[in-house]
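Since the structure comes first, as structure tokens, the remarks are kept for the end.
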Amino acid sequence: MKNLILTLVCLFAAVTLRAQSAHEFKCATTENLEKQKDADPGLESRMLLYEEQVQQWISENSNKLNKAGTTITIPVVVHIVYKTAAQNISNQRVFDQIDSTNKAFAGQIEHSMGAFSSGLQANCNIQFCLAKKTPDGQATNGIERRQTTVDSFDVGGAVKWDISGGMDPWDPTKYLNIWVCNTYSYFSGYANYPGGGIGQEFGSIVRYGAFGPTDPTYYRGNGGTLTHELGHNLNLRHIWGDDGTSCDGTDYCDDTPNQAGYTRGVPTGVVTDNCSASSPGIMYMNFMDYSDDIVGANYTPDQATRMQANFASSNGVLLSLANSDACSAPSSCEIPTALKVISKSSRGAELGWTAMYGATGYNFRYRKVGASSWTSSTLTSNSKSIGGL
Ligand code: ZN
Ligand code: CA
């Protein structure tokens, strides 16, 4: 290997959406919000003010939405903070997660809507891209990693800063930051609401085991946790209104039925409760409920409108994300990284490198040190066996 010089260039193209398919889910967004309020006494009043602005915007604009309008694309960066190898999830799982979430936000998840109209499965006209450009303008696949000594992270900001064993956020006005880590065992993920203003810690946190489509039989095995948390980032509330099991709470959406508490497991058909006692019942398949991923099917048109309100040119707090150029690569092509020897023999070796998001192939070449001619090939996988060394 010491005798070889290698260069790698990847071929760049869009990747098509990939089909994806999924015991107890618990979101700690409310607990995190209480912690934020303790640290920021003005937060609650700012959130209430923003809620008024959102309601006003919706009343003036809802009839213009969810037509085949412009799709908002939000750049995301995934910070993988791991202690064990199992927590260091693969790039492919991240790619599959983003594809799954994009299908969800496009209204393309093929799960039953029960007795509800298919019209309640909205195309939100919101998509997410893994960042192709770092805050410094360098090429990236939108994923960065750090090994930590921290066993697990609670709600709050610890995972969001290098100094506390996590990873610093990228500019939250240009990137939606997502952290994947081992969380305290009582929750699967949490997110910040946008209403109080976009601080450095704005983003979503997902437990590593619930990130990415992994196992359809696993309660969070369909990538639904990130889809749910991003809903909070875009100002959605839990569908039961976070009022325990009473019928007084609201998620501020008229087309989601009033619902007592959250739903568990894999319900089917019509499910009713005290707040929605007759068919079509409660919308247990909504991404803002707690049903298993294999049930999760929709955001409603009103939820979509509520999310889009964050991008209003007048006062949308997330408008800068929609205008960010971080989904565009800095120049021609991202360069694969982490070239390594997977195995070697006396005169051969298998080489591998980091799979790049969006790459359809890799140009690969090598030569003996001092030689002028290269041996070249074009590959579709991110490994290559060479012989005759
Ligand atoms: Zn939640
Ligand atoms: Ca309720």
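Remember, it's 1-based here, ligands and their atoms both numbered in the order they're listed. Note that these values count all heavy atoms, side chains included, but never hydrogens, waters or copies made by symmetry.
Taking OH of Tyr262 as the reference point, atom OG of Ser291 lies at 12.0 Å (rounded to 0.5 Å).
In summary, Trp240 places an N/O/S atom under 3.0 Å from the Ca ion (ligand 2), meeting the contact criterion. For residue Ser246, an N/O/S atom approaches the Ca ion (ligand 2) to within less than 3.0 Å. The Ca ion (ligand 2) has an N, O or S atom of Asp243 closer than 3.0 Å.
For the residue pair Asp255/Gln303, the side-chain donor-acceptor check at 3.5 Å is not satisfied.
Between Arg237 and Asp242 there is no salt bridge, since none of the side-chain N atoms of the basic residue sits less than 4.0 Å from a carboxylate O of the acidic one. The pair Asp168-Lys160 fails the salt-bridge criterion, with no side-chain N (NZ, NE, NH1 or NH2) lying under 4.0 Å from an Asp/Glu carboxylate O. Of the charged side-chain nitrogens involved, at least one lies within less than 4.0 Å of a carboxylate oxygen, so that Arg46 and Asp40 count as a salt-bridged pair.
Residue His228 approaches the Zn ion (ligand 1) most closely through its N/O/S atom NE2.
Atoms O of Gln259 and O of Ala260, as seen from the Ca ion (ligand 2), are separated by an angle of 70°, to the nearest 10°. Take the Zn ion (ligand 1) as the corner point: the lines to SG of Cys27 and to NE2 of His232 open at 110°, to the nearest 10 degrees.
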